[in-house]
Asks: 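Handing you a structure now.
The structure displayed is predicted, hence computed values, not measured ones. Every number for a ligand or one of its atoms is a count from 1 in the order of the listing.
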Amino acid sequence: MSEMAVFPWILAAWLALACLSFVTLLWMPAPYGRYVEQGARRTVPSRWGWVVMEAAAVLVFVATFVTGRHRHTAAAIVFFALWMAHYLQRAFVYPFLQRAGESRMPVAIVACALLFNLVNGYLNGRYLFELSGGYPDDWLRSWRFGLGVALFVVGYAINRQADWTLRNLRPTGGGGYAIPHGGLFRWVSCPNYLGELVLWIGWAVATWSLPGLSFAVWTAANLVPRSRSHHCWYRMRFPDYPRERRALVPGLW
Ligand code: NDP
């Protein structure tokens, strides 16, 4: 069977797995960060865990780009640049800015995220640079592209700003937690997740593709349950936690 024929089936299975993942994560938060089990075995330094799992998204996307026949269109080059702008930061800058002291993460989390990034990078890159047949030159003038890129940029800015605020809660590099304030933290507990979600919804709109949509669905499947867990955790841990603050969507939820 050709890749073109198998691709929709991989995509369908991938979307089904996102739904399963969503339900599981509602009941059991992924065990990294504040949910890592005390005395967990088979762990690696968090910093290097982030590098390994996120570098996979860079490598697989580069591989699909250089092997794709439709990489020379203007849209393909912009999509490649957007992906790299996010993942080069996430893989090679973000981990070295974190101030979590000697924190560790389970190997199982690194393995799952690595697998996720390989499949997700393959689906998106292979579609954009090969299986789509190429985006026309006037794609850059379409409303989808304009709106999608605008959402991507806004989400990117929200995510980076929130990550910066969280980082500065640990000026001395310890592993403790505090109530974050400022920016969108005024309204929600997890603006970093909100930004990430807006960013990948923007990607889905700009690429107007099922692989792009599946990435947005996966991001929601991961981060909606996790923002709920974080929100409940903050409320239990800090009796003075701002009552008007929501989990993920300002004023709503
Ligand atoms: P968290 O918000 O759980 O943590 C981010 C960093 O801030 C960690 O170093 C954490 O430390 C620290 N931190 C968080 N809250 C506090 C606090 N109240 N006081 C002090 N320090 C704090 O985010 P994640 O680690 O889950 O995610 C990191 C990035 O990866 C985010 O930008 C997220 O959007 C993205 N991501 C994207 C996914 C996707 O599906 N696209 C999936 C998962 C993450 P510690 O680790 O010690 O808790």
Side-chain angles (χ1 to χ4, degrees), residues 14 17-18 21-22 25 29-38 40 43-47 49-51 53-54 56-57 83 86-87 89-91 93-106 109-110 112-117 119-121 124 152 155-182 184-185 188-204 212 214-238 241-242 245 247-248:
W14 191 235
L17 196 58
S21 193
F22 173 75
L25 291 172
Y32 69 93
R34 70 196 65 182
Y35 310 111
V36 78
E37 288 169 29
Q38 293 299 320
T43 59
V44 292
S46 292
R47 182 161 293 155
W50 277 101
V51 173
M53 60 201 191
E54 303 299 309
W83 185 279
H86 175 76
Y87 274 112
Q89 198 277 349
R90 183 48 55 74
V93 179
Y94 174 81
F96 299 100
L97 295 175
Q98 295 315 101
R99 296 177 184 158
E102 297 301 308
S103 85
R104 299 182 71 84
M105 83 172 34
I109 289 288
V110 180
C112 287
L114 181 69
L115 183 67
F116 169 80
N117 281 323
V119 177
N120 187 50
N124 277 274
F152 189 99
Y156 189 94
I158 293 173
N159 181 265
R160 294 295 173 275
Q161 209 273 341
D163 278 347
W164 180 84
T165 302
L166 290 174
R167 198 154 53 238
N168 286 314
L169 291 173
R170 291 173 175 165
T172 56
Y177 292 91
I179 301 177
H181 291 284
L184 284 178
F185 281 106
V188 290
S189 295
C190 302
N192 52 344
Y193 295 165
L194 175 62
E196 184 96 23
L197 198 50
V198 169
L199 188 161
W200 294 118
I201 289 172
W203 175 262
S214 82
F215 192 2
V217 169
W218 260 104
T219 303
N222 282 327
L223 299 184
V224 169
R226 197 164 178 85
S227 60
R228 178 174 170 263
S229 303
H230 275 21
H231 190 61
C232 295
W233 181 93
Y234 275 125
R235 286 192 154 178
M236 279 170 57
R237 170 123 175 184
F238 299 105
Y241 196 68
R245 203 177 282 189
L248 186 67

Asks: Near Ala178, which atoms of ligand 1 are under 4.0 Å from a heavy atom of that residue?
Replies: 17 (C), 18 (N), 19 (N)
Asks: I'd like to check which ligand 1 atoms, numbered from 1 as shown, lie under 4.0 Å from a non-hydrogen atom of Arg226.
Replies: 26 (O)
Asks: Go through the side-chain N and O atoms of Tyr241 and His231 and say whether any donor and acceptor fall under 3.5 Å apart.
Replies: no
Asks: Judged on heavy-atom distance to atom 4 (O) of ligand 1, which of Leu166, Asn117, Asn168 sits nearest?
Replies: Leu166
Asks: Excluding sequence neighbours, so at least two apart, what forms ring pair (Phe, Tyr, Trp, His ring centres under 6.0 Å) with Trp14?
Replies: Phe116, Trp218
Asks: Just jot down the ligand 1 atoms closer than 4.0 angstrom to any heavy atom of Asp163, in number order.
Replies: 32 (O)
Asks: Can the positive tip of Arg34 be found less than 6.0 Å from the middle of the six-membered ring of Tyr234, inside 45° of the ring normal?
Replies: yes
Asks: For atom 30 (O) of ligand 1, which of the options Arg237, Arg160, Arg90, Glu196 provides the nearest non-hydrogen atom?
Replies: Arg90
Asks: Quick one: does Ser103 get an N or O within less than 3.5 Å of an N or O on ligand 1?
Replies: no
Asks: Name the orientation class of the two ring planes belonging to Tyr177 and Trp233 (parallel below 30°, tilted from 30 to 60°, perpendicular beyond 60°).
Replies: perpendicular
Asks: Which label fits Trp200 and Phe152: parallel for a plane angle under 30°, tilted from 30 to 60°, or perpendicular past 60°?
Replies: perpendicular
Asks: Please indicate whether any nitrogen or oxygen in Trp200 is less than 3.5 Å from any nitrogen or oxygen in ligand 1.
Replies: no
Asks: Counting heavy atoms only, which of His230, His86, Arg47, Arg170 comes nearest to atom 10 (C) of ligand 1?
Replies: Arg170
Asks: For the residue pair Ile179 and Arg245, establish whether any side-chain heavy-atom pair is separated by less than 4.5 Å.
Replies: yes
Asks: Give the atoms of ligand 1, by number and element, whose distance to some non-hydrogen atom of Gly176 is under 4.0 Å.
Replies: 20 (C)
Asks: Considering only heavy atoms of Gly33, which atoms of ligand 1 have at least one such atom less than 4.0 Å away?
Replies: 45 (P), 46 (O), 48 (O)
Asks: Whether the side chain of Arg90 engages the backbone of Glu54 through a donor-acceptor N/O pair (distance < 3.5 Å, no angle test) should be reported.
Replies: no
Asks: Using heavy atoms and a 4.0 Å limit, tell me yes or no: is Tyr32 in contact with ligand 1?
Replies: yes
Asks: Ring centroids only, cut at 6.0 angstrom: are Trp203 and Phe215 within range, meaning strictly under it?
Replies: no
Asks: Show me which atoms of ligand 1 lie under 4.0 Å from any heavy atom of Tyr94.
Replies: 5 (C), 6 (C), 28 (C), 29 (C)
Asks: Once ring pair (Phe, Tyr, Trp, His ring centres under 6.0 Å) is applied, do any residues pair with Tyr156, and if so which ones, sequence neighbours excluded?
Replies: none
Asks: Can a donor-acceptor pair be found, under 3.5 Å and without considering hydrogens, that links the side chain of Asn192 to the backbone of Ala162?
Replies: no
Asks: Is the contact between Trp50 and ligand 1 made by the side chain, the backbone, both, or neither, using heavy atoms and a 4.0 Å cut-off?
Replies: side chain
Asks: So, 4.0 Å and heavy atoms of Gly195: is ligand 1 close enough to count as a contact?
Replies: no
Asks: Which atoms of ligand 1 have any heavy atom of Asn222 under 4.0 Å away?
Replies: 40 (O)
Asks: Check ligand 1 against Tyr234 and write out every atom of the ligand that is under 4.0 Å from a heavy-atom position of the residue.
Replies: 15 (N), 16 (C), 17 (C), 18 (N)
Asks: Have a look at ligand 1 and work out which part of Gln98, if any, has a heavy atom under 4.0 Å from it: side chain, backbone, both or neither.
Replies: side chain
Asks: Indicate yes or no: does Arg226 engage Glu196 in a salt bridge with an N to O separation below 4.0 Å.
Replies: no
Asks: Before signing off on this row, confirm whether Trp218 and ligand 1 have an N or O atom pair separated by under 3.5 Å.
Replies: no
